[in-house]
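FYI, side chains are in, hydrogens and waters are out, and symmetry mates aren't considered; it's all heavy atoms of this structure. Since the model is a prediction, treat every value here as computed from it, not as a measurement. Residue indices begin at 1 and follow the sequence shown.
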Amino acid sequence: MNSHNTDPGKTPAARDGGGEVWTEERIRALGAITDLPTAGRVFGLGRALSYELARTGGFPVPVIRVGARYKVPVAGILTALGLQPPPGDLTPNGKRSVDHQRQISSIDPPHSGGDGKAEP
């Protein structure tokens, strides 16, 4: 029996054990944010190495830690690969957060032209 996988549904790289093929279209289809293992696969990294690099600050793109999970903005992946993120907001249908309790503050937010002081 031939041990070489000739499954016509797989790309040549996947058939040859070279991993997945990530096209620009496929990366953009991930949406605005993806999980760490998926982002790692885009860069040819395994799951364990992806988590190790994220934990030590060595992942190839910025990573957002949400509790015990990591999320990766797709715009960072596109930029690292020399692809242009789409113009404008990646989430045009999203609504801005409203701070009803006035609990959110920032130092010199970009929209304020501020003086470097924290907003109340």
Side-chain angles (χ1 to χ4, degrees):
M1 179 174 170
N2 183 357
S3 63
H4 186 72
N5 183 350
T6 58
D7 181 349
K10 291 189 176 181
T11 64
R15 282 195 303 265
D16 295 336
E20 298 173 87
V21 174
W22 285 91
T23 63
E24 180 177 356
E25 180 179 283
R26 187 171 176 207
I27 294 168
R28 290 184 189 281
L30 293 172
I33 287 193
T34 191
D35 59 37
L36 186 64
T38 301
R41 286 195 311 269
V42 171
F43 291 104
L45 304 173
R47 182 181 181 93
L49 182 56
S50 294
Y51 278 98
E52 175 69 18
L53 291 173
R55 191 173 51 76
T56 60
F59 198 76
V61 297
V63 172
I64 301 168
R65 186 161 185 168
V66 182
R69 297 177 188 254
Y70 292 97
K71 298 294 181 181
V72 181
V74 173
I77 297 171
L78 293 168
T79 300
L81 296 175
L83 304 171
Q84 292 295 318
D89 191 355
L90 290 176
T91 57
N93 294 327
K95 295 188 173 148
R96 285 189 65 81
S97 175
V98 177
D99 183 15
H100 294 289
Q101 306 299 319
R102 301 218 178 267
Q103 297 296 313
I104 300 172
S105 65
S106 64
I107 303 291
D108 200 14
H111 61 280
S112 72
D115 53 12
K117 297 180 181 174
E119 290 184 326

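Shown here for V61 and A80, the closest heavy-atom pair between the two residues is CG1-CB, 3.5 Å. Scanning both residues, L36 and A54, for their nearest heavy atoms gives CD2-CB, 3.6 Å. Contact detail for P62 and P73: the closest heavy-atom pair is O-CD, 3.6 Å.
Sorted by first then second residue, the salt bridge (charged side-chain N to carboxylate O under 4.0 Å, His left out) pairs that include residues 55-79, not counting sequence neighbours, are E52-R55. Applying the salt bridge (charged side-chain N to carboxylate O under 4.0 Å, His left out) definition to pairs two or more places apart or across chains, those involving residues 29-42 are E20-R41.
In this structure, F43 is a member of the same hydrophobic cluster as W22, with clusters built from ILVMFWY side-chain heavy atoms closer than 4.5 Å. Using a 4.5 Å cut-off between side-chain heavy atoms of Ile, Leu, Val, Met, Phe, Trp and Tyr, with links allowed through other members, Y70 and L53 fall into the same hydrophobic cluster.
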Show every donor-acceptor pair shorter than 3.5 Å between a side-chain atom in residues 44-51 and any protein atom, with sequence neighbours excluded, or say none if there are none.
unit_1 : atom_1 : unit_2 : atom_2 : d
S50    : OG     : G46    : O      : 2.9

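With L81 as reference, I77 is the one residue of L78, T79, I77 to meet the side chain to side chain contact (heavy atoms under 4.5 Å, CB included) rule.
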